[in-house]
A.B. asks: 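One structure is given below, represented as structure tokens, and several questions about it will come after.
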Amino acid sequence: QGELAESGGGLVQAGESLRLSCAASGITFSRYDLGWHRQAPGKERELVASISSGGRKKYGESVKGRFTISRDNAENMVYLQMNSLTPDDTAVYYCNAEHTWGKRRTEWWGQGTQVTVSS
């Protein structure tokens with residue numbers, strides 16, 4: 001019953017910045033681990049960044065030092081601040097929320113937002 005909705009994608013030039021937002025509803029937000037993934041044409045979906053329910057962060061190697069993930073539990077929002085963008089960052093970006101307890105695992109995905117970075 002959970003829903004995630006991304007926003008903030010667009011077309012930018014290399015070196016510029018974007019902030020992606022993801023709004024969640026229908027879930028107990030604070031219990032979930034959150035993440036951003038991306039998928040470029042012809043490539044597999046890859047992890048960009050994640051933040052656990054306890055605030056622990058991880059980043060993909062290619063975005064370390066440039067991207068920052070954050071969450072606002074009061075507003076049921078997760079963000080991805082993307083700086084120093086390059087054409088290699090062009091992809092559809094997806095947010096997800098995951099929670100596991102016992103034998104049960106729940107996972108929700110947004111529909112994605114397009115990020116295009118020109119040279």
Side-chain angles (χ1 to χ4, degrees):
Q1 300 283 308
E3 297 181 0
L4 302 176
E6 302 96 336
S7 63
L11 174 63
V12 298
Q13 294 182 332
E16 295 182 340
S17 298
L18 281 174
R19 189 173 82 152
L20 305 183
S21 300
C22 177
S25 62
I27 64 174
T28 305
F29 187 81
S30 62
R31 297 180 181 177
Y32 279 75
D33 300 327
L34 308 171
W36 289 94
H37 296 73
R38 68 187 182 188
Q39 188 165 25
K43 296 184 178 180
E44 297 294 318
R45 186 174 298 188
E46 65 173 340
L47 173 70
V48 176
S50 65
I51 181 168
S52 73
S53 61
R56 297 180 297 276
K57 299 177 180 180
K58 296 181 180 179
Y59 295 96
E61 189 66 30
S62 65
V63 308
K64 287 181 179 178
R66 298 189 299 122
F67 291 9
T68 303
I69 189 171
S70 61
R71 66 190 295 165
D72 186 341
N73 288 342
E75 299 294 333
N76 289 2
M77 297 286 291
V78 58
Y79 304 97
L80 184 69
Q81 178 66 45
M82 304 185 295
N83 298 328
S84 302
L85 286 163
T86 77
D88 288 341
D89 297 315
T90 296
V92 177
Y93 285 71
Y94 302 88
C95 67
N96 84 294
E98 187 270 336
H99 177 58
T100 300
W101 70 94
K103 297 182 179 180
R104 184 178 180 183
R105 180 174 183 263
T106 59
E107 187 173 26
W108 306 97
W109 289 84
Q111 295 187 84
T113 185
Q114 177 71 48
V115 173
T116 302
V117 185
S118 64
S119 300

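In what follows, residues are counted from 1 in the order of the sequence shown. Computation of the quantities below employed the complete heavy-atom set of this structure, encompassing side-chain atoms and omitting hydrogens, waters and symmetry-equivalent molecules.
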A.B. asks: Find out whether Ile51 and Asp33 are in side-chain contact, i.e. whether some heavy atom of one side chain is under 4.5 Å from a heavy atom of the other.
C.D. replies: no

A.B. asks: Do Val12 and Trp36 sit in one hydrophobic cluster, given that two such residues count as connected whenever their side-chain heavy atoms are within less than 4.5 Å of each other, even indirectly?
C.D. replies: yes

A.B. asks: Does CZ in Arg31 sit with more than 12 non-hydrogen atoms of other residues, nucleotides or ligands closer than 6.0 Å?
C.D. replies: no

A.B. asks: Side chains of Asn83 and Gln81: do they bring a donor and an acceptor to under 3.5 Å?
C.D. replies: yes

A.B. asks: Please determine if Arg38 forms a cation-pi arrangement with Tyr94, meaning its NZ or CZ atom is less than 6.0 Å from the six-membered ring centre and no more than 45° off the ring axis.
C.D. replies: no

A.B. asks: Do the side chains of Leu85 and Leu18 get nearer than 4.5 Å, heavy atoms only?
C.D. replies: yes

A.B. asks: So which pairs with a foot in residues 20-30 pass side chain to side chain donor-acceptor pair (under 3.5 Å), sequence neighbours left out?
C.D. replies: none

A.B. asks: For the backbone of His99 and the side chain of Arg104, can you confirm whether one donor and one acceptor N or O come within less than 3.5 Å of each other?
C.D. replies: no

A.B. asks: Within the structure provided, determine whether Leu80 and Val48 are in side-chain contact (heavy-atom separation under 4.5 Å).
C.D. replies: yes

A.B. asks: Measuring only between side-chain heavy atoms, which start at C-beta, is Thr106 closer than 4.5 Å to Ile27?
C.D. replies: no

A.B. asks: Please determine if Arg66 forms a cation-pi arrangement with Tyr59, meaning its NZ or CZ atom is less than 6.0 Å from the six-membered ring centre and no more than 45° off the ring axis.
C.D. replies: no

A.B. asks: Would one find more than 12 heavy atoms of other residues, nucleotides or ligands at under 6.0 Å from atom NZ of Lys58?
C.D. replies: no

A.B. asks: With a 4.5 Å heavy-atom cut-off, do Tyr79 and Ile69 have their side chains touching?
C.D. replies: no

A.B. asks: Quick one: closest heavy-atom pair of His37 and Asn96, and the distance?
C.D. replies: CE1-OD1, 3.2 Å

A.B. asks: Taking salt bridge (Lys or Arg N to Asp or Glu O under 4.0 Å) as the cut-off, I'd like each qualifying pair that reaches into residues 2-24, sequence neighbours left out, listed once.
C.D. replies: none

A.B. asks: Let me check something: do Val92 and Trp109 share a hydrophobic cluster, defined by ILVMFWY side-chain heavy atoms less than 4.5 Å apart, either directly or through other members?
C.D. replies: yes

A.B. asks: Are Met82 and Tyr93 side-chain neighbours, meaning at least one heavy-atom pair lies under 4.5 Å?
C.D. replies: yes

A.B. asks: Are side-chain heavy atoms of Glu75 and Phe29 found at a separation under 4.5 Å?
C.D. replies: no

A.B. asks: Could you tell me whether the side chain of Thr113 and the main chain of Ser7 form a donor-acceptor pair under 3.5 Å?
C.D. replies: no

A.B. asks: May I ask you to say whether Glu46 pairs ionically with Lys43, meaning some side-chain N is under 4.0 Å from a carboxylate O?
C.D. replies: no

A.B. asks: Tell me, please, which residues at least two apart from Ser70 pass side-chain hydrogen bond (donor to acceptor under 3.5 Å, both in side chains).
C.D. replies: none

